[in-house]
Enquirer: 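The structure is given below, and queries will be raised subsequently.
Proteins come first, then strands; the chains are lettered A, B, ... in the order of their sequence lines, and each starts at number 1.
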Amino acid sequence: MTNYIIRRFLLAIPTLLAISIITFFLMHAIPGSPFAGPEMRHLPPEVIANLNKYYHLDDPIWKQYLNYIWNLLHGDFGPSYANRARTVNDIIAQSLPASALLGAAALFVAIVIGIPLGIISSLKQNTVIDYISMFIAITGVSVPAMTLGPLLVWIFALNLKIFPVAQWGTFKHMVLPAITLGFGSAAIIARLTRASMLQVLHEDYIRTARAKGLSERRVTIHHALRNALIPVVTIIGPLFAGLITGSMVVEQVFAIPGMGKFFVMGVTGRDYPVIMGTVLLYAVFLILANLVVDIMYARLDPRIRYS
Amino acid sequence: MKKSHFAAAIILALTLPSLAFAVEIKMRIGLNPDTLDPNLVYTADVNFITKMLFVNLSDFDEQNAVPTPDLAKSWEVSKDGLVWTYHLRNDVKWTNGRAVTARDVVYSMKRILDPATASPLAYMMYSIKNAKAVNTGENKDLDSVGIKAVDDWTVQFTLDKPEGFFPTAIRSVGYPVPREAIEKFGNKWFEPNNIVSNGPYLLKEWKPDDRMVFEKNPNYYDAKNVQIDKVTVYIITDDSTAMAMYESGGLDTVNVPVGDIDRVMRDPVLSKQAKSVPQLISYQIQINVKAPPMDNANVRKALAAAIDKQALVKYVAKGGQVPMDTVTPLGAFGAVPKSAKIGIPYDPVAAKEYLKKAGYPDGKGLPQIEYSFNISEFNQSVAQALQQMWKKNLGIDVALKSIEGKVYWSAIQSHNLQFWRMGFNSDYPDADGFLYGIGHTKDGEKNIQWDRTDFDAIVEKARSESNPEIRKKLYMEAEKILVQDECAVIPLWSYAYVALSKPTLKRTYSTLMADTIKNWKVVK
């Protein structure tokens, strides 16, 4: 197992390198520059030349890439053109904690709602309970955070006054954004759990378990659910990586100091180091999450062994 | 450890009573400031914060944008118009106790020009002798720039050629910065623990993307006239979220999102708290006069005359914008009064006539034209309304194209668009900033692609003219060429937004996107 994990870590290096090359050259290929746009219209070419020089954007592109990688190896993600007061390291250090906390809470919401909902509807397949559960799930997938967030704010903050409208800091501040962010994922998990459970419940070994005279509860939890969870765990890995790196929409609606917005603002502002930093960070989380998923497989399915 | 806890408790106990009576307001900024270094601040949204923390060489009247005394008590210009002399107050102090002197002003302005600083503001001083050469690195001698401290309380600027609006042009570069803090802390000098400032407020806390907290500076030179003790500025990107916070009592003042304006105006309580605030920005359509069929002036005029600007403002834009037939927004120097009747007003009959003259009666034979705008819900609704007006009044189908911000800008600059939406602002409230930028064929933006060098001559003359009445006349001439004779720009309106503020807050509104918080009062 240890060897397997080490090997996976080593494999991650060329993966990250490839991601960095592709991202770097793709983002430089988009038209537009960080220092051009109607909001910077008055800048004459002389001033733009100074800015390009300051950030070494006047170097040849291959040199810029090598410099970036060299700095990265020294733990320096570079400056942010749109935030002269902050480096990309500052941005990650200041905004990742809020995003990670919110993402973890959202994942919790997603699992706590999604898995039970999926199990119930699979056990009560084609009954009213199944239809209601799946209606909730479809709603979750279809209603975007942009709608759900303000709706929750309107109900629970402006009318019922149970939770604050926005901002960050206490448990109360976390509830509405976590539900907003987690609900869509809950729906995905619920539908996947249901489908997977239905498949497993028709397997021979379930019939065997029932024939042995085991209680329905034991059959469901120990025999069916454990196997049904494998595809669910597969999807939770990437979901987790996505959730903890933040969501622009949820952060905007609830004014949360997270890092989701930097994924978008980096691109719209052609803030190259921010694009690189966020993409690489996301890639690292995705690689780690997938590794954890693979390790979980071994625990869930005795047939899977890594050597 | 225990001792310090004890000390903290005592300090807390001593400050609590004063805090209980402190006058406090909560407001919002739409983005996390990219920097608080006044030598680098280029984002208009951050201006009000710069003004809270630092004194400026001259301040600005919020209503008509005229320079008013601040650090400088007075200023005058030499007869030949080349030397401007500023006389400073001697009672302004940095928070470390040192006096703010002419040397601070000189240090700060030279720092902006130093190419190593890479300040986006540098060009605002290019009219000063040697400034441009130093900033581009052509001249390595920073001291050769025409900025000089005559004594501790006098600063002198020497220009290359006369510039009538010099005091206005330097409005964003006149904040002295503290050399000692910059040399000690580098790029982090303005963080709460490092900052040395001199303005009406002190920066107490800055949690990025969350909030900034300011407290009154008791040693500010005009502290007796600053009433509000504490200002919390929440960093909230989403307009609707800010609006919801205002309605739940979390903010004392807010700008109303366009989608909420109708509701606010119908609401008996909120409508009383609302105010429409004009801004010196022109929302306009710019046309590439070289791109067929827009190379035909009559086509351009037909498009202009077919736009019902009153209806656009009333039903689409809604914020109390002022429909305009000329470019320079009302409130800026040189704006053309309505009575001058310059520009192409709404006239469907004339519009049809122009199109006929262009050789496309009722739009027949007119090639497909495409109107472009940078993606936003607001621009989209404006574009759709324009499309309907052109269809109704001219019988033509105009295609709409929404483009991502930076791509849109590079498409305009590479002359790939026929006509497009533009929000045009100026660094200073003067027609020069609008007309020179849009229309000068060599030093302007060159987006409209025209070759009216006679226009260049007029705006150049206006720039060096010191008689305000003559300048106004020259700008009127220039506007006529731009929006009427050539119709290379179709102005739609000058910007405005609707702001709400609690009845207890007596605030002022700036047309320059630079609110002066020190003048605000809270009343019971």
Enquirer: Heavy-atom cut-off 4.5 Å, strictly under: side chain, backbone, both or neither for Tyr123(B) against chain A?
Expert: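 Both backbone and side chain.
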Enquirer: Under 4.5 Å heavy-atom distance to chain A, tell me which part of Phe424(B) shows up: side chain, backbone, both or neither.
Expert: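 Contact with chain A involves both backbone and side-chain atoms of Phe424(B).
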Enquirer: Does the pair Arg263(B)/Asp260(B) count as a salt bridge with the N-to-O cut at 4.0 Å?
Expert: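 Looking at Asp260(B) together with Arg263(B), the answer is yes, because their closest N to O distance falls below 4.0 Å.
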Enquirer: Tell me, side chain or backbone of Thr35(B) under 4.5 Å from chain A's heavy atoms, or both, or neither?
Expert: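 Both parts, heavy atoms under 4.5 Å.
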Enquirer: Side chain from CB out, backbone as N, CA, C, O: work out which of these in Asn425(B) comes under 4.5 Å of a heavy atom of chain A, or both, or neither.
Expert: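 Asn425(B) touches chain A through backbone and side-chain heavy atoms alike.
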Enquirer: When heavy-atom pairs shorter than 4.5 Å are enumerated against chain A, which of Arg211(B), Gln413(B), Met245(B), Glu247(B) gives the highest number?
Expert: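 The answer is Met245(B).
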Enquirer: What part of Val165(A) gets closer than 4.5 Å to chain B, counting heavy atoms only: side chain, backbone, both or neither?
Expert: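 For Val165(A), the side chain is the part near chain B, not the backbone.
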Enquirer: Which answer fits Lys207(B), side chain, backbone, both or neither, if we ask what part of it has an atom under 4.5 Å from a heavy atom of chain A?
Expert: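 Lys207(B) has no heavy atom closer than 4.5 Å to chain A.
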Enquirer: Please look at Met124(B) and chain A and tell me whether the side chain, the backbone, both or neither of the residue comes under 4.5 angstrom of a heavy atom of that chain.
Expert: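 Contact with chain A is absent: no heavy atom of Met124(B) under 4.5 Å.
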Enquirer: Before accepting this row, confirm whether a basic side-chain N of the pair Arg86(A)/Glu191(B) lies closer than 4.0 Å to the acidic partner's carboxylate O.
Expert: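 Salt bridge flag = no for Glu191(B) with Arg86(A).
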Enquirer: So what's closer than 4.5 Å to chain B heavy atoms on Lys261(A): side chain, backbone, both or neither?
Expert: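 Lys261(A) touches chain B through side-chain heavy atoms alone.
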Enquirer: Answer yes or no on whether Arg463(B) is positioned over the face of Tyr436(B), meaning its NZ or CZ is under 6.0 Å from the six-membered ring centre and within 45° of the axis.
Expert: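 Relative to the ring axis of Tyr436(B), which defines the angle, Arg463(B) lies inside both limits.
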Enquirer: Tell me, for Asp90(A) versus chain B, whether the close heavy atoms (under 4.5 Å) come from the side chain, the backbone, both or neither.
Expert: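 Looking at Asp90(A), just its side chain touches chain B.
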Enquirer: Using 4.0 Å as the upper bound for N to carboxylate O, is an ion pair formed by Arg28(B) and Asp239(B)?
Expert: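 A salt bridge links Asp239(B) with Arg28(B).
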Enquirer: Between Thr43(B) and chain A, with a heavy-atom cut-off of 4.5 Å, which part of the residue counts as in contact: side chain, backbone, both or neither?
Expert: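 Contact with chain A involves no heavy atom of Thr43(B) at all.
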Enquirer: Please report the C-alpha distance between Tyr428(B) and Phe165(B) in whole Å, then the side-chain angles of each, then the deciding distance to 0.1 Å, and finally whether the ring pair (Phe, Tyr, Trp, His ring centres under 6.0 Å) criterion is met.
Expert: CA-CA 9 Å; Tyr428(B) 42 92; Phe165(B) 57 95; 5.0 Å; yes
Enquirer: State whether Lys188(B) and Asp37(B) are salt-bridged, where the test is any N-O pair (Lys NZ or Arg NE/NH1/NH2 against Asp/Glu carboxylate O) under 4.0 Å.
Expert: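 Here Lys188(B) does not pair with Asp37(B) in a salt bridge, since their nearest N and O are not under 4.0 Å apart.
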Enquirer: Of all of Pro150(A), Pro44(A), Ser80(A), Ala166(A), which one pairs up most often with chain B through heavy atoms under 4.5 Å apart?
Expert: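 Counting heavy-atom pairs under 4.5 Å, the top option is Pro44(A).
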Enquirer: Before we go on, tell me: are the rings of Tyr272(A) and Tyr68(A) under 6.0 Å apart, centre to centre?
Expert: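 Judged by ring-centre distance (under 6.0 Å), Tyr272(A) and Tyr68(A) do not meet the cut-off.
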Enquirer: Could you check which of Ser414(B), Gly405(B), Gly423(B), Pro208(B) has the highest count of heavy-atom pairs closer than 4.5 Å to chain A?
Expert: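 Top count of heavy-atom pairs under 4.5 Å with chain A: Pro208(B).
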Enquirer: Among Val274(A), Ile48(A), Leu57(A), whose side chain to side chain contact (heavy atoms under 4.5 Å, CB included) with Pro34(A) holds?
Expert: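 Single pass found, and it is Leu57(A).
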Enquirer: Please classify the contact between Leu51(A) and chain B as side chain, backbone, both or neither, with a heavy-atom cut-off of under 4.5 Å.
Expert: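 Contact with chain B is through both the backbone and side chain of Leu51(A).
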Enquirer: Identify which of Asp238(B), Asp443(B), Ile236(B), Leu36(B) forms the greatest number of heavy-atom pairs closer than 4.5 Å to chain A.
Expert: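 If we count pairs closer than 4.5 Å to chain A, Asp238(B) comes out on top.
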Enquirer: Using a cut-off of under 4.5 Å for heavy-atom pairs, which of Ser410(B), Ala122(B), Gly437(B), Pro120(B) has the most such pairs with chain A?
Expert: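 Among Ser410(B), Ala122(B), Gly437(B), Pro120(B), the one with the most close pairs to chain A is Pro120(B).
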Enquirer: To check you understand the geometry: which heavy-atom pair defines the closest contact between Trp168(A) and Pro257(A), and what is its length?
Expert: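 Heavy atoms of Trp168(A) and Pro257(A) come nearest at CB-CD, 3.6 Å.
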Enquirer: Under a 4.5 Å heavy-atom cut-off, does chain A meet the side chain of Ala242(B), its backbone, both or neither?
Expert: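 Neither part, no heavy atoms under 4.5 Å.
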Enquirer: In terms of heavy-atom pairs under 4.5 Å with chain B, which of Ala36(A), Ala98(A), Gly32(A) leads?
Expert: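 With the most close heavy-atom pairs to chain B, the winner is Ala36(A).
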Enquirer: How close do Met259(A) and Ser95(A) get, counting heavy atoms only, and between which atoms?
Expert: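 Heavy atoms only, the tightest pair is CB-OG, 3.0 Å.
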Enquirer: Could you check which of Glu46(A), Met265(A), Gln252(A), His42(A) has the highest count of heavy-atom pairs closer than 4.5 Å to chain B?
Expert: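 Most pairs with chain B among the choices: His42(A).
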Enquirer: Between Thr237(B) and Glu251(A), is the side chain to side chain donor-acceptor pair (under 3.5 Å) condition met? List the steps.
Expert: CA-CA 9 Å; Thr237(B) 3; Glu251(A) 284 168 16; over 6 Å; no
Enquirer: How far apart are the C-alpha atoms of Asn187(B) and Arg84(A), what are their side-chain angles, what is the distance that settles it, and do they pass the side chain to side chain donor-acceptor pair (under 3.5 Å) test?
Expert: CA-CA 8 Å; Asn187(B) 257 343; Arg84(A) 192 123 174 199; 5.0 Å; no
Enquirer: Between chain A and each of Asn374(B), Thr117(B), Ile235(B), count heavy-atom pairs under 4.5 Å; write down the option with the most.
Expert: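 Going by pairs under 4.5 Å, I would pick Thr117(B).
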